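Comments concern the structure below.
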Amino acid sequence: MKKRLRFILPMLVLCLLLASCGRPTLSVSHHQVTPDGLAAVINGKSRQSHIAYRINNGTTHQQKTVNGQFSITIPSATTAQRVTLKAGGHQTTVTVTRQTPLVTYQALRETYNQGLAVSALSSKDQRVAEGLALQSASVQSRLSQAQAAIKKAQKRVKAGDTVARATLNRQLKEAASLKRSVAILGQTKTSLAPAMAKATTATKDDQLPAQPTSGLHNLVTTNKTTIRAALDGDQVTGLALMVPTSQLKGQKARHFVTTFSLVAQSVGANAKNVLKQFQKQANGKNTSQTTTPKLHSNGITFSLGYSTSTLYVYITK
């Protein structure tokens with residue numbers, strides 16, 4: 001009897017251990033995660049071969065496990081997201097915190113594509129286009145102020161203020177002069193239109209597309225630059241600029257400088273200031289390292305990351 005017990009007891013223990021190993025499990029490293037760059041990553045463990053998950057009440061997706069572990073990438077969004085995970089009858093949830101949007105996609109696209117076309121103009125036409133943009137903004141601002149002042153002066157004149165009559169006449173003359181300036185600038189813009197049309201066509205392959213869908217997408221992919229975005233409807237919650245390090249040397253660097261500046265400008269940052277900060281970082285940077293210095297301008301954060309072959313610039317707010 002004792003001999004039989006010596007044999008049976010180890011077998012029972014082994015069976016229990018095997019049964020325990022075969023049970024489905026599901027766990028996550030954190031039940032609340034924050035987007036880093038364009039997305040948040042949910043890490044966890046499970047004995048199941050696949051994890052089912054869905055964001056809020058959306059479509060269910062599948063994620064494979066590798067050696068009992070899994071990672072799920074969730075694009076950043078303007079509101080908090082509730083991610084429900086299921087495996088073998090087990091369920092858990094993770095909250096992904098909201099990300100402040102950078103800019104609307106249409107505003108990004110308009111500013112970037114227009115700047116890209118200007119960069120393809122001749123040096124002479126670039127100077128004209130840049131001067132035109134600055135003058136137009138200044139004149140339109142002054143005209144708006146003059147028109148507001150005219151309305152106030154007209155109310156004062158109507159109320160019987162005789163002194164306001166002279167002020168009103170002076171402001172009317174100023175507004176008329178500004179309107180003539182607007183007309184002249186419009187003629188200059190018209191004369192520049194053929195060159196701009198040609199430049200727009202020449203930069204077509206590098207332009208941002210008209211209507212990308214929500215989620216993570218490469219907006220531009222060339223051998224010189226990749227621009228990726230996290231989109232939540234029409235809101236851009238993050239951008240990434242990926243450039244081969246070979247494109248940062250010599251004359252090739254001009255393309256990177258242009259793209260970097262256009263992206264910075266398009267999200268509301270001071271492009272010149274950010275570029276100076278970047279150059280300062282790059283001059284003292286060993287690209288074989290992987291540290292991520294951060295640059296800041298007008299509330300926008302530029303996080304730099306390096307691999308042996310690529311520079312990554314993550315842009316968030």
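Everything quoted here is computed from the prediction, not taken from an experiment.
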In short, side chain to side chain donor-acceptor pair (under 3.5 Å) pairs touching residues 209-225 with sequence neighbours left out are T213-H217, N218-R228, T225-H255
Open item on the list: Within the structure provided, determine whether V33 and V41 are in side-chain contact (heavy-atom separation under 4.5 Å).
Closed with: no
Just by distance, do the side chain of N113 and the backbone of L208 share a donor-acceptor pair under 3.5 Å?
yes
* Do side-chain atoms of Q106 reach the backbone of A210 as a donor and acceptor pair under 3.5 angstrom? -> yes
Mark yes when over 12 heavy atoms from residues, nucleotides or ligands other than Q147 sit less than 6.0 Å from its CD; otherwise mark no. yes
Smallest heavy-atom separation, A199 atom then A117 atom, equals CB-O, 3.2 Å
With heavy-atom distances below 4.5 Å as the criterion, would you say the side chains of H90 and R47 are in contact? no
Are P75 and L38 close enough that some pair of their side-chain heavy atoms sits under 4.5 Å apart?
no
Self-check item: T245 side chain vs S309 backbone, donor-acceptor pair below 3.5 Å
Solution: yes
Test side-chain contact (heavy atoms from CB on, under 4.5 Å), reference V83, set T93, I42, T95, output is I42
A80 and N56 have their tightest heavy-atom pair at O-OD1, 4.4 Å
On a heavy-atom basis, the closest approach of H50 and T65 is N-OG1, 4.3 Å
| query | Do V94 and H30 come close enough that some side-chain heavy atom pair is under 4.5 Å? | reply | no
Between Q63 and Y53, the two heavy atoms sitting closest are CB-CE2, 4.1 Å
- Item | Neighbour count above 12 (heavy atom, 6.0 Å) for Q114 CD | no
Check: Between the side chain of T92 and the main-chain N/O of S27, is any donor-acceptor distance below 3.5 Å?
Finding: no
**Asked** Can you tell me if Q69 uses its side chain to pair, donor with acceptor, with the backbone of N43 under 3.5 Å?
**Response** no
Report yes if the side chains of T100 and R98 come closer than 4.5 Å at any heavy-atom pair, otherwise no.
yes
**Report entry** Q91 side chain reached by L26 side chain, heavy atoms, under 4.5 Å
**Finding:** no
Between Y312 and M242, the two heavy atoms sitting closest are CD2-CG, 3.4 Å
With a 4.5 Å heavy-atom cut-off, do Y112 and T259 have their side chains touching? yes
Closer than 3.5 angstrom, by distance alone: can the side chain of Q207 be matched with the main-chain N or O of T200 as a donor-acceptor pair? yes
If you define the side chain from C-beta out and look only at heavy atoms, does anything of S266 sit under 4.5 Å from V103?
no
Contacts of F256 meeting ring pair (Phe, Tyr, Trp, His ring centres under 6.0 Å) (sequence neighbours excluded), chain-then-number -> F260, F278
